[in-house]
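Working notes, structure below.
First the proteins, then the strands, lettered A, B, ... as listed; each starts at 1.
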Amino acid sequence: MSEALPPDGEPDEYTEDVLSVVERIPPGRVMSYGDIAEYVGRGGPRQVGSVMSQWGGGVPWWRVVRADGRPASGHEVRALSRYAEEGTPMRPGSDRVNMRQARWDGGNEG
DNA sequence: ACGTTGACAGGGA
DNA sequence: ATCCCTGCCAACG
């Protein structure tokens, strides 16, 4: 059984923070696990990954990638079709996101 | 208390 | 480019 959908329980405050940030990432943009950890101000990349593993089904999880631009482990194929839909900038000849262009800092700029 | 695990990150070979 | 190791930190058995 995979955790494609969020559990019915109530998320704690940290989980809420992480998920709310992920929901704000614009289409065609991404944030790394570490970026999100810094943004929420506590925990680390692995904690963010843990939250996404459990609750990611309810948010645009494909917009959360590794620091090197690789999509979430085990979800590469699904992520790739989303990037194609959203026009996410990719590295040429690779299945990786171009972080230079696609990285979102939480601000309003493009 | 301890060892293992995990949707991670960074550095070296 | 890939593989391997270490650092990291919370959750589990």
Ignoring hydrogens, what is the shortest heavy-atom contact between [X] and [Y]? Give both atom names and the distance.
{"X": "A/Ala37", "Y": "A/Gly43", "answer": "CB-O, 4.0 Å"}
{"X": "A/Gly28", "Y": "A/Ala102", "answer": "O-CB, 4.1 Å"}
{"X": "A/Leu80", "Y": "A/Asp95", "answer": "CD1-O, 4.0 Å"}
{"X": "A/Ala72", "Y": "A/Tyr33", "answer": "CB-OH, 3.4 Å"}

Next on the checklist: Using side chain to side chain contact (heavy atoms under 4.5 Å, CB included), reason through A/Ile36 and A/Met52 one step at a time and then give a plain yes or no.
Outcome noted: CA-CA 11 Å; A/Ile36 295 171; A/Met52 291 305 288; 5.9 Å; no

Which residues pass the side-chain contact (heavy atoms from CB on, under 4.5 Å) test with [X], sequence neighbours left out?
{"X": "A/Glu23", "answer": "A/Val59, A/Pro60"}
{"X": "A/Gln47", "answer": "A/Tyr14"}
{"X": "A/Asn98", "answer": "A/Pro89, A/Arg91, A/Arg100, A/Gln101"}
{"X": "A/Thr15", "answer": "A/Pro11, A/Asp12, A/Leu19, A/Val51, A/Trp55"}

Checklist entry - Earliest and latest nucleotide of DNA chain C, 5' to 3', sitting under 4.0 Å from a non-hydrogen atom of chain A? => result C/dA1 to C/dA10

Next on the checklist: Just to be sure I understand the rule, does A/Ser73 reach a base, reach only the sugar-phosphate, or reach nothing, if contact means heavy atoms closer than 4.0 Å?
Outcome noted: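 It contacts sugar-phosphate atoms only.
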
Checklist entry - Can you name the salt bridge (charged side-chain N to carboxylate O under 4.0 Å, His left out) partners of A/Glu16, sequence neighbours left out? => result none

Answer yes or no: is there a side-chain heavy-atom contact under 4.5 Å between [X] and [Y]?
{"X": "A/Arg82", "Y": "A/Thr88", "result": "no"}
{"X": "A/Met99", "Y": "A/Val65", "result": "yes"}
{"X": "A/Trp104", "Y": "A/Arg63", "result": "no"}

Going by heavy atoms closer than 4.0 Å, what residues in [range] are next to DNA chain C?
{"range": "residues 87-96 of chain A", "value": "A/Arg91, A/Arg96"}
{"range": "residues 40-49 of chain A", "value": "A/Arg46, A/Gln47"}
{"range": "residues 9-23 of chain A", "value": "none"}

Please report, rounded to the nearest Å, how far the [atom2] atom of [N] is from the [atom1] atom of [X].
{"X": "A/Arg70", "N": "B/dG10", "atom1": "CZ", "atom2": "P", "answer": "15 Å"}
{"X": "A/Glu76", "N": "B/dA7", "atom1": "CD", "atom2": "C1'", "answer": "9 Å"}
{"X": "A/Trp61", "N": "B/dA7", "atom1": "CH2", "atom2": "P", "answer": "13 Å"}

Next on the checklist: Under the ring pair (Phe, Tyr, Trp, His ring centres under 6.0 Å) definition, can you give me all pairs with a residue in residues 73-99 of chain A, not counting sequence neighbours?
Outcome noted: A/Trp61-A/His75

Next on the checklist: What's the gap between C/dG13 and B/dA1 when it is taken at their C1' atoms, as a whole Å value?
Outcome noted: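 Between the two C1' atoms, the distance is 13 Å.
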
Item to check | Rounded C1' spacing from C/dC8 to B/dG6 in Å | outcome: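 The answer is 12 Å between these two C1' atoms.
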
Checklist entry - Going by number, which of residues 31-39 of chain A have a non-hydrogen atom under 4.0 Å from DNA chain B? => result A/Ser32, A/Tyr33, A/Gly34

Next on the checklist: Under the side-chain hydrogen bond (donor to acceptor under 3.5 Å, both in side chains) definition, can you give me all pairs with a residue in residues 34-46 of chain A, not counting sequence neighbours?
Outcome noted: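 Pairs touching residues 34-46 of chain A that pass the test: A/Asp17-A/Arg42, A/Ser32-A/Asp35, A/Asp35-A/Arg103.
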
